[in-house]
Amino acid sequence: MTQDELKTRVAKAALEYVQAGTIIGVGTGSTANKFIDALATIKDSIRGTVASSEATAERLRAHGIPVLDLNDALAEVRQLSVYIDGADEFDGENNLTKGGGGALTREKIVACASAQFICIVDQSKQVEHLGAFPLPIEVIPMARAYVAGIARELGGDPVLREGFTTDNGNIILDVHGLRITEPDLLEERLNHVPGVVTCGIFSRFSHKGDVVLMGTPDGVERIEA
Ligand code: 5RP
């Protein structure tokens with residue numbers, strides 16, 4: 001099976017977590033796109049969606065799936081019922097690295113506003129420790145050099161994502177060379193650096209995966225935190 005087929009398989013499996021009549025959060029990336037395509041088949045059963053990026057909102061609308069502003073959604077419901085999104089890496093405790101597509105901040109907001117985070121990945125995303133995938137950090141542009149200096153102090157090698165601006169008008173530093181053995185401590189440390197909007201670690205301090213659905217050639221494995 002190709003990686004693309006594994007993504008399709010796991011995206012379809014996530015439909016099981018979509019409750020009728022609720023508002024759900026939808027992630028960003030190629031796996032999330034496959035989930036959106038699957039969601040289109042049951043679109044009339046849900047009240048609406050909140051998108052984690054402009055690209056996701058566009059794809060949802062193209063399928064005729066209602067997209068709500070998060071503030072409007074939270075005026076109607078206390079929490080979104082579920083957030084469904086991919087990841088760049090996940091470890092043995094369902095801590096995640098996200099942000100390969102640059103949507104990490106909105107993804108973290110929508111994940112945290114949801115009762116449950118179902119993370120959908122193919123088996124290539126499973127790691128012992130996060131860090132082989134460069135850690136994305138969304139940074140306010142004037143803080144670029146300052147935050148890069150802190151990332152170096154922490155043992156990383158920050159690289160500016162060239163020609164990329166986030167949906168929030170900021171830049172991304174991709175930090176290479178980190179071996180992340182304590183994701184919660186690093187997430188907390190980085191998110192306290194002035195100029196950092198958020199980093200791409202999703203640990204217990206934000207919203208790690210409550211369930212990781214991992215697509216394999218033998219089927220979909222369900223991994224609970
Ligand atoms: C986007 C993300 C994505 O979830 C992550 O990059 C995985 O993408 P894909 O499903 O294309 O492998 O965090 O910001």
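Keep in mind that what you see is a predicted model, and the values were worked out from it rather than measured. Numbering of ligands and ligand atoms starts at 1, following listing order. Each residue takes its place number in the sequence, starting with 1.
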Participant: What I want to check is whether the side chains of Thr216 and Asp218 have a donor and an acceptor closer together than 3.5 Å.
Facilitator: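 On atom types as modelled, these side chains do not qualify, holding no pair under 3.5 Å.
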
Participant: Could Glu128 and Arg179 be called an ion pair, given the rule that one side-chain N must be under 4.0 Å from one carboxylate O?
Facilitator: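 The answer is no: the pair does not qualify as a salt bridge.
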
Participant: Does CD in Glu5 sit with more than 12 non-hydrogen atoms of other residues, nucleotides or ligands closer than 6.0 Å?
Facilitator: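 Enclosed: over 12 neighbouring heavy atoms sit under 6.0 Å from CD of Glu5.
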
Participant: Pull out every atom of ligand 1 sitting under 4.0 Å from any heavy atom of Gly102, numbered as shown with elements.
Facilitator: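 Going through ligand 1 atom by atom, the ones under 4.0 Å from Gly102 are 14 (O).
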
Participant: Tell me which part of Asp85 gets within contact of ligand 1: side chain, backbone, both or neither, using heavy atoms under 4.0 Å.
Facilitator: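 It is the side chain that gets close, since no backbone atom is under 4.0 Å.
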
Participant: Would you say that Val139 contacts Val197 through its side chain, given a criterion of any heavy-atom pair below 4.5 Å between the two side chains?
Facilitator: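 No, their side chains stay 4.5 Å or more apart.
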
Participant: Polar-atom distance check: Ala32 versus ligand 1, any N or O pair below 3.5 Å?
Facilitator: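 Min N/O separation from ligand 1 is not below 3.5 Å for Ala32.
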
Participant: Can you figure out which of Gly86, Gly27, Ser30 has its heavy atom closest to atom 9 (P) of ligand 1?
Facilitator: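 Heavy atom nearest to atom 9 (P) of ligand 1 belongs to Ser30.
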
Participant: Just to confirm my output: which protein heavy-atom neighbour is closest to atom 3 (C) of ligand 1, and how far is it?
Facilitator: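 That would be Thr28 O, 3.2 Å.
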
Participant: Give the other cluster members for Leu68, using side-chain heavy-atom distances under 4.5 Å between Ile, Leu, Val, Met, Phe, Trp and Tyr residues; answer none if it is isolated.
Facilitator: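 When side chains under 4.5 Å apart are linked, the cluster holding Leu68 also contains Ile23, Val50, Leu70, Leu74, Val77, Leu80, Tyr83, Phe90, Leu96, Ile109, Val110, Phe117, Val121, Phe202, Val212, Met214, Ile223.
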
Participant: Is there a polar contact between ligand 1 and Gly99, counting only N or O atoms under 3.5 Å apart?
Facilitator: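 So ligand 1 has an N or O lying under 3.5 Å from an N or O of Gly99.
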
Participant: Could you list which atoms of ligand 1 come closer than 4.0 Å to a heavy atom of Gly29?
Facilitator: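 Within the 4.0 Å cut-off of Gly29, ligand 1 contributes 11 (O).
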
Participant: Check each atom of ligand 1 against the heavy atoms of Asp88 and keep those under 4.0 Å away; list them by number with element.
Facilitator: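 Counting atoms of ligand 1 from 1, those under 4.0 Å from Asp88 are 5 (C), 6 (O), 7 (C), 13 (O).
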
Participant: Looking at Ala40 and His63, what are the two nearest heavy atoms and their distance?
Facilitator: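 In terms of heavy atoms, the two residues are closest at CB-ND1, 3.5 Å.
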
Participant: Could you check whether Asp210 and Gln116, counting side-chain N and O atoms only, form a donor-acceptor pair closer than 3.5 Å?
Facilitator: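 Looking only at side-chain atoms, Asp210 and Gln116 do not form any donor-acceptor pair under 3.5 Å.
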
Participant: Please determine whether any non-hydrogen atom of Ala87 lies less than 4.0 Å from an atom of ligand 1.
Facilitator: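 Contact check Ala87 vs ligand 1: positive.
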
